[in-house]
Colleague: 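Here you go, one structure.
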Amino acid sequence: MKVRLDPTRRRRKSLVAPPPTDPNADDRIGAWLDVFVHLLHVPPAEREAIRNELESHLRERARDLMLRGRSETEAAQQAIDELGVTAELASRYDQNARTRYRRLLMHLSMFGLVAITGVIASIALLTQPTSSGTTPIHAFAEASLQDAPLPPLELSLMPDQSFRDFIDQVQAVNGVKLTIDYRDLIEAGIDPDDALNLHADAVSLEAALRLIEVSTAAQLAPIGWRFDGDRLTISTRERLDRQETELVSYDLRDVLRSIAAERYRSLLGDDEALDHATADVISLLQEMVAPNDWTENGGNLAKQQMVGTKLFVQAPRRMHEKIRWIIEDLAASVAHPAAMAPKSRPSGTPHAIGGGSSRSISGGGGGLHQSRAGAPPRSSRPASGVVPPSATSTP
Amino acid sequence: MTPPARSSEAIPAGNDLLRGSIDLVVLSVLADEPLYGYAIIKRVESRSSGSIRLTPGVLYPLLHQLEQQKLLLSTWEMVVADGNDDASRGRKRKWYRLSAKGRRRLAKRIDGYRAFQSLIDSFLSQPKSEGG
């Protein structure tokens, strides 16, 4: 590899002796790098690589400046200053890492996270303490967000079989009523008449759909389905999400007051503390619940608006389940424990939070109130370890 | 390629037009040959006759991002000695080159840029009295 950057500069460097190094000068570059890498939120190996690259830049740049007559200290300081505000630089790297993490999460959620989380949640429920008065393990089961359970069919996939053949097979095996949105599936990259080039014996309908998804461009627009016990609808998950988008309002009064008081009130005024608490909660939701789907994060499925202490969220139903869980969990830490425990909770059953429309969780009022416009709420999912509160429908 | 005439003022890195095209500029200079960060800054400055000065605070995170997107590939070089600068010995330098994916992205970005430029040109060349 031959690299010639600036022959003139190179010649001059070889002719002009570098300024003498001041042995008493502080190693500003080393000190700055030590501080900078502590601001990075990236894996250690990546942090080391970033440090090495910036150190190389800073020392080479400082040397160029010294050749132009700057002192060693001045040159080092100017090279550092040219990088801009240290925290902003670190946040640019962190932003890259966050984007990559989100992508990873998106892929994991498509291919495996669901199953792993389901197993973890099941273990959590099995190991839940049952004696009265103990705190139950409070975990959200990601599995509950997934597509509805499919009829227990056993199918086979043959290499020359097309998606249309596959659908015919599903119908022939069970006689299930089907609604297939072919237009969306074509957009997702599934040509109904192309050979699937898959071979699998005795697989479930869900496994077969996942195999088709992974082997086609549908990974980019994942397949979704709904089975209401009678009719099976297959489309893209995005289309189904859009059909199930709901506007829900969450009353965060007590949650925000509590966070503001605990974290910010000693440092800030009331209003400012409340603003910071609001930002914390919204940031938590947008990082934890389908981060790629929020408009603020570049998505196009979910949006939120805060009015006073009420949070309005327009999002697919699956997202509301998780939002509700997080807010309930925050509310639970605000409420008095005695007010949380259902009086007649049978030993060993999952802990229920909320449970009535506009129900106050804390003894003093406020807590979590919900109202929603759109489709009725999904049925409770005791298996998830959380029984969502019923919501008030808004016409 | 003929370098543009030197402008009286450098375009600041925060300029809106430039900000949206920095990746295009970086991918373009790396399409010619592998370079390391500081060399990219110098190359861009020399090719634009001093009009474009990439700030390292923008360039390095961008290189990091492009590498994560697999648009760039990198290798580390142990600097033996830079001229008679003994202090550079043992320092690591990270060289970047365009991946196949990066070349495809560059081609796509160039097409997009040209289409956008031609669209804007069509407005700029309209006669003032049209429709009047």
Side-chain angles (χ1 to χ4, degrees), chain A residues 1-6 8-21 29 36 40 42 46 48-64 66-67 72 79-101 103-104, chain B residues 12-14 19 22-23 29-30 32-47 50 53-97:
Chain A
M1 183 171 66
K2 189 179 177 185
V3 179
R4 289 179 66 239
L5 300 176
D6 185 341
T8 321
R9 170 75 45 86
R10 185 63 60 101
R11 246 192 331 270
R12 194 174 65 209
K13 269 187 180 178
S14 61
L15 292 172
V16 179
T21 302
I29 290 175
F36 172 71
L40 289 172
V42 297
E46 206 169 314
E48 188 61 23
I50 292 170
R51 183 194 170 110
N52 283 336
E53 182 172 39
L54 290 182
E55 179 168 15
S56 177
H57 169 87
L58 287 169
R59 299 210 184 276
E60 193 166 344
R61 176 68 179 150
R63 180 154 186 82
D64 274 0
M66 285 162 73
L67 287 166
E72 185 178 5
I80 292 166
D81 290 346
E82 285 173 358
L83 282 167
V85 178
T86 309
E88 281 178 14
L89 179 63
S91 78
R92 282 187 205 120
Y93 280 105
D94 287 350
Q95 183 64 38
N96 291 345
R98 275 200 295 275
T99 309
R100 189 184 50 199
Y101 179 64
R103 270 198 211 107
L104 179 69
Chain B
R19 195 164 43 201
I22 290 179
D23 63 325
V29 295
L30 287 172
D32 296 341
E33 60 181 332
L35 292 169
Y36 58 94
Y38 192 37
I40 293 172
I41 292 174
K42 291 177 177 175
R43 178 59 48 90
V44 169
E45 194 170 340
S46 92
R47 264 179 66 168
R53 288 180 197 152
L54 294 182
T55 58
V58 170
L59 176 70
Y60 285 100
L62 175 66
L63 290 171
H64 184 248
Q65 184 191 357
L66 296 175
E67 187 183 14
Q68 304 221 321
Q69 292 173 354
K70 315 274 187 219
L71 302 175
L72 300 182
L73 301 171
S74 70
T75 47
W76 286 94
E77 174 210 26
M78 191 70 80
V79 180
V80 178
D82 199 352
N84 55 357
D85 175 17
D86 285 343
S88 66
R89 189 170 295 145
R91 195 190 307 147
K92 286 178 177 174
R93 223 176 236 165
K94 193 175 184 183
W95 290 80
Y96 293 93
R97 62 194 159 87

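Just so it is clear: chains get the letters A, B, ... in the order the sequence lines come, proteins before strands, and each one is counted from 1.
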Colleague: First locate atom CG of A/Leu58, then atom OH of B/Tyr38, and finally report the distance between them rounded to the nearest 0.5 Å.
Modeller: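 Between atom CG of A/Leu58 and atom OH of B/Tyr38 there are 10.5 Å.
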
Colleague: Is the shortest side-chain heavy-atom distance between A/Asp64 and B/Lys42 below 4.5 Å?
Modeller: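 In short, these two side chains touch, coming nearer than 4.5 Å.
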
Colleague: Go through the structure and list residues passing ring pair (Phe, Tyr, Trp, His ring centres under 6.0 Å) with B/Tyr96, not counting sequence neighbours.
Modeller: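 Listed in chain order: nothing, the list is empty.
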
Colleague: If you measure from CZ on B/Arg91 to CZ on A/Arg63, what distance do you get to the nearest 0.5 Å?
Modeller: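 Here the interatomic distance stands at 8.5 Å.
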
Colleague: Among side-chain atoms of A/Glu60 and B/Tyr36, is any donor-acceptor pair under 3.5 angstrom?
Modeller: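 Present: a donor and an acceptor within the cut-off.
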
Colleague: Taking atom types as modelled and ignoring hydrogens, do the side chains of B/Tyr60 and A/His57 form a donor-acceptor contact shorter than 3.5 angstrom?
Modeller: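 A donor-acceptor contact under 3.5 Å links the two side chains.
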
Colleague: Do B/Lys92 and A/Glu55 have side chains that approach each other closer than 4.5 Å (heavy atoms only, starting at C-beta)?
Modeller: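 With C-beta onward as the side chain, the pair stays apart.
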
Colleague: Let me see the working for B/His64 and A/Glu46 under side chain to side chain donor-acceptor pair (under 3.5 Å), right down to the final yes or no.
Modeller: CA-CA 10 Å; B/His64 184 248; A/Glu46 206 169 314; 2.8 Å; yes

Colleague: Is it the side chain or the backbone of A/Ile50 that comes within 4.5 Å of chain B heavy atoms, both, or neither?
Modeller: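 It is the side chain, since no backbone atom gets that close.
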
Colleague: Can you tell me which portion of A/Ala79 sits under 4.5 Å from chain B's heavy atoms? Options are side chain, backbone, both or neither.
Modeller: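 Looking at A/Ala79, nothing touches chain B.
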
Colleague: Which bit of B/Ile41 is near chain A, if near means a heavy-atom gap under 4.5 Å: side chain, backbone, both or neither?
Modeller: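 For B/Ile41, side-chain heavy atoms alone lie under 4.5 Å from chain A.
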
Colleague: Quick check: does any side chain N or O of A/Arg92 sit under 3.5 Å from a backbone N or O of B/Gly57, one acting as donor and the other as acceptor?
Modeller: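 Yes; at least one donor-acceptor contact below 3.5 Å.
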
Colleague: So, does A/Ser56 use its side chain to make a donor-acceptor pair with the main chain of B/Arg93 at under 3.5 Å?
Modeller: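 Such a contact is absent between A/Ser56 side chain and B/Arg93 backbone.
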
